[in-house]
Amino acid sequence: MKIKSIMKALLFKTGWLLCLIALTVQCKTPTKEEPSPVITGKYTIPPKFPEWVHQAVFYQIYPQTFYDTDGDGIGDLKGIIQKLDYIKSLGVNAVWINPFFESPFCDAGYDVSDYYKVAQRYGNNDDAKQLFEEAHKRGIRIIFDYVISYTSVEHSWFKESAKQDTNKYTNWYIWNDNTWMNPPEAYKDAFVKGYSERNGQFMRNFYWCQPALNFGFAKPDEPWMLPIDHPDVVALKEELKNVLRFWMDMGADGFRADMAGALVKSANMKGNDQFFSSRSDGTKLFWKEIRDILKKDYPEAFMVAEWSNPQDALDGLFHADFFHWFDGYNDLFQKEGWRILNGYSEGHSYFDREGKGNITHFLESYMEQYNAVKEKGYISVPLGNHDNARLGNQRSDDDLEIIYAFGMTMPGVPFIYYGNEIGMRQMGADWPQVEGAYKPRNGGRTPMQWTAGNNLGFSSAPSDKLYLPVDTAKDAPNVSDQESNPNSLLNRTRKLIALRHIEPALSAYAEFIPLYAKENTYPFVYARAKDKEVIVIILNPSASETKADFNFTYEYKDLELIAGKELAIEKAGGRMNITVPGQCYAVYKLRL
Ligand code: GLC
């Protein structure tokens, strides 16, 4: 309660007048009512979690552009197997692989046409089995993408469902009962008409080629809307559980649930929210059943949601939730219209040299969620992914290192998007837009850069046959060059990942306390603590030197720098005073 009120005060108290002062004077004179953040070292480990998750660092692999072993220009599972030693060398202990199932690739494999089969271009099911085994030999866990809110139009279930005659699959998708009648207003953009001989329009869950599987409606108020316990809905859900068991029994260690909040339909969601936000308790009920299967039969398995609403996703359901489909995430990394490239955002990223960003908007949403879920599960603020522009978008290696220092020291489970460890760059909007990868996704899914050689070591195929062209810049970063340079981003990232495993205070559950986070101000300072282990993290992504002066009553003998650069720090009278050069960060461990 106390911490909550301190945070509230930190975030909201500054009025417009103080804002003005803060803009001109970087270090605001402390006022009487300034709160004293209290580091207690207390924490709760979320119950019934696999032990390995508390220290987990994930690496995300986009299979089509990671490593191509058969020379067809598209990455494959054998390629991932070949690169497992590299992955291990990063220090990560888990990998999420984007969908590798059979698909016509209208949405890069997120349109599954056979849940039980690896797409030919990636290899076959034996390769998947081997991948799980080889990863396990190296102490690496692999989670797959469980994409079950829709299938491809090419899935045999959908082809059956689209037939005029009633059959087992008729109700497995959502169809209204009259092609000429518009669906209710709330769903008006979500239906596709005239697709097959079946009279009715089907509901999509994303692109037109991704018909929504029928998890039922929270409030079925049309005859064609089924309740969530309708026998056909139940039959579908049972089949999807079989899909889960199939991959788990083959050796997977869990899954990432695609669009996890968008299963059961309800009319209260609009626009993109209908795809990503909580719709009803029925959705939660389904994930609860899945969690129970894991608890009982796969107790070491991990499930993470693409939901971006931790309070819903972690309500006894998932172990972790990706928190990136919200404004606060953009505030961190992609606030500029040219960075997010969808034309819907204006402003300045906090992690940018120009130093015009604001950490408090992110922190406000984050703390609200964090305080609500910290005893239940983990929030994951991903370090890039396949749906966003790369973090390496007009950012130097130094800029990126500060971002990774943030990622590796925040609570929860970090995920690093492949290639970010070497600073791969976002390609321009004119890059080919293959398989539903419209900007900025096209520019962030380019082939992994292994060497300076042909196709940057990704594939032996002719360059025009690659899934996406590689970065053409003369100084495009690559693994091989960075391996031999101790100060490369690759090696600096490895050090930060290693910290996460070594330091108890950086465990996913260790206490998180913002110490200095002010509107439109740098640096951002916070502590992580577990019992008597305390770490203080100071981040100044801006190019200018900046100062912070804040209450800090915790007693210690010495500060040990464990990452970043040594700073000028004074501690007197229960306050800490820090001077941070531009583009600089420091991670200090308190010696008691
Ligand atoms: C998820 C995936 C994204 C995909 C979408 C619809 O958000 O991350 O890549 O396009 O689902 O399938």
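Nothing fancy with the numbering, it's 1 onward along the sequence. Order of listing sets the numbers, starting from 1, for every ligand and every atom in it.
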Decide if the gap between the ring center of Phe206 and the ring center of Tyr110 is smaller than 6.0 angstrom. no

I'd like to know whether ligand 1 has Arg445 as a neighbour, heavy-atom separation below 4.0 Å. yes

Subset of ligand 1 atoms that lie under 4.0 Å from at least one heavy atom of Gln210: 12 (O)

With atoms numbered from 1 as shown, which atoms in ligand 1 lie under 4.0 angstrom from a non-hydrogen atom of Arg441? 3 (C), 4 (C), 9 (O), 10 (O)

Where ligand 1 meets His386 - atom numbers and elements under 4.0 angstrom, heavy-atom basis: 2 (C), 3 (C), 8 (O), 9 (O)

Of the listed options (Tyr150, Tyr110, Phe206, Tyr207), which comes nearest to atom 12 (O) of ligand 1 when hydrogens are ignored and any heavy atom counts? Tyr150

Does Arg256 reach ligand 1, in the sense of a heavy atom lying below 4.0 Å from it? yes

So, the side chain of Arg445 versus the backbone of Tyr62: is there a donor-acceptor pair under 3.5 Å, distance only? no

Is the closest side-chain donor-acceptor distance between Asn385 and His324 under 3.5 Å? yes

Hey, looking at atom 8 (O) of ligand 1, which of Asp107, Asp387, Asn205, Asp111 has the closest heavy atom? Asp387

Strictly by modelled atom types, are Gln201 and Tyr195 linked by a side-chain donor-acceptor pair under 3.5 Å? no

Quick check: Phe458 with Phe66 (ring centres under 6.0 Å apart)? no

Which atoms of ligand 1 have any heavy atom of Glu306 under 4.0 Å away? 1 (C), 7 (O), 8 (O)

Quick one: does Tyr115's side chain get under 4.5 Å of Leu240's, heavy atoms only? yes

